[in-house]
Amino acid sequence: MTVPEFFSWLEGTALAQGVSESTWLFPTIETIHVLAIVLVVGSIAMVDLRLMNLISRERAIEDVLADALPWTWGSFVVAALSGAALFISKAATYWLNGPFKWKLLLLLLAGLNMALFHALTYPRLLTEERRSPPLRARCAGAASLIIWLSIVALGRWIGFVQ
Amino acid sequence: MIREFCSWLSETPLSQALQNASWSIPTAQTVHILSVAVVMTSMAMLDLRLLRRGAAGPSVSMTAQRLVPPTWYALAVLAVSGVVLICAEPERELLSPAFTIKMALLLLAATLTYVIARGVKARETYWDERPIAATSVAVVSLLLWVGIVSAGRWIAYVPQY
């Protein structure tokens, strides 16, 4: 199965047909997508800004993380599922959309940045007795913030590019 | 009258400049959504704390003191980016039933947030001592904020008056 064949198969599934044919289903799923993304970005920004030592300086980083992460993961699952439903309704069109491709790439980058932070920076952060985060933690926070701001911007741009 | 105001507004130099720059609307919308992210996350966390779930913290007051200040900054950015969007496309916003609903819900949500803040100011443990009131306030507040974000997205889909 080639890529175009795969996309036309996707677009032909009952769910994709339902989303593209209904007048209210696409905006409804899109609304759920926006609500979920808003919570993903808001909760991630809390952690990022703490890592950059800009907010909640009196709170331990692990407390801020523990507060935020359930929100991040819970809403990320909703955002991914609703995003997939929107995607398959016009799979071939989205696949050729520049901002959409960049958005996917940046999502991968955000995941990579988070994986690196949790594997390398975070364990050392916990063992070190210091109040302000080290440079590598601040960089991880800044990188994550910039990536997520760009993801939101690219998501908005999908609808403005032909 | 609103129609006249819209056509007057769309003739202003600011509106003309925004209409002529194709990147202005998605940029303002991106800024708007990012500030919605701050407000929505803070309010959702505060509401869940009122429901005695989610983000911990010894009291509702302490959670509120942590979450409310960033919300004010974000609300200012929201207002400015919202006004920019109205200037760029006056008819799309001001003649949309979804926009009217959004503003009405916003007024209710602001009033309710003021009520929550009043309780916090009155007594450190005000909401912790009133579980039923806290639950009701939190559920209504959550519904209002979800309604505001939803109405905002539906401005793009609901037919104008």
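Below, read A as the first sequence line, B as the second, and so on, with proteins coming before strands; counting in each chain starts at 1.
Heavy-atom contacts from other residues, nucleotides or ligands closer than 6.0 Å to CZ of B:R3 number 12 or fewer. The environment of OH in B:Y73 is sparse: at most 12 heavy-atom neighbours from other residues, nucleotides or ligands sit within 6.0 Å.
Remark: B:I33 CD1 to A:L149 CG distance equals 12.0 Å, nearest 0.5 Å. To the nearest 0.5 Å, atoms CE (B:M45) and CG (A:L39) are separated by 8.5 Å. Rounding to the nearest 0.5 Å places CZ of B:R66 at 9.5 Å from CD1 of A:I55. With rounding to the nearest 0.5 Å, the separation of CE in B:M40 from OG in A:S43 is 12.0 Å. Between the CZ atom of A:R156 and the CG atom of B:L34 there is a distance of 12.0 Å, given to the nearest 0.5 Å. Of the inter-residue distances, the one linking A:F160 atom CZ with B:W23 atom CH2 reads 13.0 Å to the nearest 0.5 angstrom.
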A:F26 and B:Y157: side-chain contact (heavy atoms from CB on, under 4.5 Å), yes or no, with the steps? CA-CA 10 Å; A:F26 188 94; B:Y157 297 99; 3.6 Å; yes
Go through A:L35 and B:W145 one step at a time and tell me if the side-chain contact (heavy atoms from CB on, under 4.5 Å) criterion holds. CA-CA 10 Å; A:L35 281 165; B:W145 287 109; over 6 Å; no
Please assess A:W71 against B:L48 for the test side-chain contact (heavy atoms from CB on, under 4.5 Å), listing each intermediate value before the final yes or no. CA-CA 11 Å; A:W71 288 89; B:L48 256 77; 3.9 Å; yes
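Looking only at heavy-atom pairs under 4.5 Å with chain B, the residue among A:L154, A:D63, A:T31, A:L49 that has the most is A:T31.
Within the 4.5 angstrom heavy-atom criterion, no atom of B:I148 approaches chain A. With a threshold of 4.5 angstrom between heavy atoms, B:S22 does not approach chain A through any atom at all. Looking at A:T23, there are no atoms closer than 4.5 Å to chain B (heavy atoms on both sides), in backbone or side chain. When heavy atoms are compared at a cutoff of 4.5 Å, A:A153 approaches chain B by way of both its backbone and its side chain. A:P27 touches chain B through backbone and side chain together, each having a heavy atom under 4.5 Å away. With a 4.5 angstrom heavy-atom cutoff, B:V146 touches chain A via backbone and side-chain atoms both.
Of all heavy-atom pairs spanning A:G42 and B:T41, the tightest one is CA-OG1, 3.1 Å.
By the 4.5 Å heavy-atom criterion applied to side chains, B:R153 and A:I32 are not counted as neighbours.
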